[in-house]
Amino acid sequence: MRINALTIAGTDPSGGAGIQADLKTFSALGVYGTTVMTALVAQNTCGVNSVYPVDPDFIAAQMDAVLTDVRIDSSKIGMLSNAAVIEVVADKLRQYALPCVVLDTVMLAKSGDPLLNADAVDSLMSVLLPHVSIITPNLPEAAALLKTAPATNEKMMQEQGEALLAAGAKAVLLKGGHLDSTESPDWLFLPEGRCRFISPRIATKNSHGTGCTLSAALAALRPQCADWYDTVAAAKQYLHGALAAADSLDVGRGQGPVHHFYQWW
Ligand code: PLP
């Protein structure tokens, strides 16, 4: 049976991040994609120019339109902008009892521009966490969620991953890309155990939308895999290929996108 996935996220008119990256990822991984827009973002490979948050009532209307019509097997949540958006998304996740929800705890773009109001970080933990299956923070995001300093080594990563589980996360993929090391270790924490995933760093400036792409790949692949371990391994393999091929795209003047269709063209 064909898998239908939903992305609830912001937009990137230059096509490399947000909803555009999610739809490309779903398509590359053989999944039918549906979308709910939380924010219109005037951005490109050089940075974010402005953000136009969608009215929470209209986000609810988009979710009702999709969810009263299409069977959704998995979802990915990206940019949420503010606490009111978090509230309405949590309400709809509860109302429709959505299975397999991946929350990318988006806070800042690589350009440093904010994608979530600072005062909404607590709502991610208190309002949304109970309704999601896995969260995918990078090191600064994990630190913000836990109100502590970012991990600078893998021992601290393990402590913070366990702390996020203790705070109510059902699963945590803590991304170690910000560590000052030649490797880029990611750690998966589940109540039944933990697992280290390692990938070599790829020397490219073209990494716009990598977090969006990884979380969308997790949502696309979870229904096709036996468990989260297999899902993370497969999603990381896809992202690795897309990043390794990024320079062949050469889109934009800044940090360009990864090549979502590297297996095809
Ligand atoms: N734009 C949107 C709408 C996003 O949701 C995100 C991240 O989730 C980004 C941009 C970030 O892209 P970058 O990888 O350049 O930080």
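One-based numbering, in listed order, for ligands and for the atoms of each.
Annotation: side chain of Leu214 is in contact with side chain of Leu173 (closest heavy-atom distance under 4.5 Å). When side chains are defined from C-beta on, Asp73 does not count as touching Arg222, because their heavy atoms never get closer than 4.5 Å.
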Notebook entry, point to check: Does the side chain to side chain donor-acceptor pair (under 3.5 Å) test come out yes or no for Trp187 and Gln158, once each step is laid out?
Noted result: CA-CA 8 Å; Trp187 279 86; Gln158 290 179 60; over 6 Å; no

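Classification of Lys147 and Asp122 as a salt-bridged pair holds, one side-chain N sitting under 4.0 Å from a carboxylate O.
Side chains of His260 and Thr213: a donor-acceptor N/O pair is present below 3.5 angstrom, by distance only.
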Is there any protein N/O under 3.5 Å from an N/O of ligand 1, and what does the full list of such pairs look like?
{"unit_1": "ligand 1", "atom_1": "1 (N)", "unit_2": "Gln43", "atom_2": "OE1", "d": "3.4"}
{"unit_1": "ligand 1", "atom_1": "1 (N)", "unit_2": "Gln43", "atom_2": "NE2", "d": "2.7"}
{"unit_1": "ligand 1", "atom_1": "14 (O)", "unit_2": "Lys110", "atom_2": "NZ", "d": "2.6"}
{"unit_1": "ligand 1", "atom_1": "14 (O)", "unit_2": "Gly209", "atom_2": "N", "d": "2.7"}
{"unit_1": "ligand 1", "atom_1": "15 (O)", "unit_2": "His208", "atom_2": "ND1", "d": "2.6"}
{"unit_1": "ligand 1", "atom_1": "16 (O)", "unit_2": "Lys110", "atom_2": "N", "d": "2.6"}

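For Glu141 (side chain) and Asn138 (main-chain N/O), a donor-acceptor pair under 3.5 Å exists by modelled atom type.
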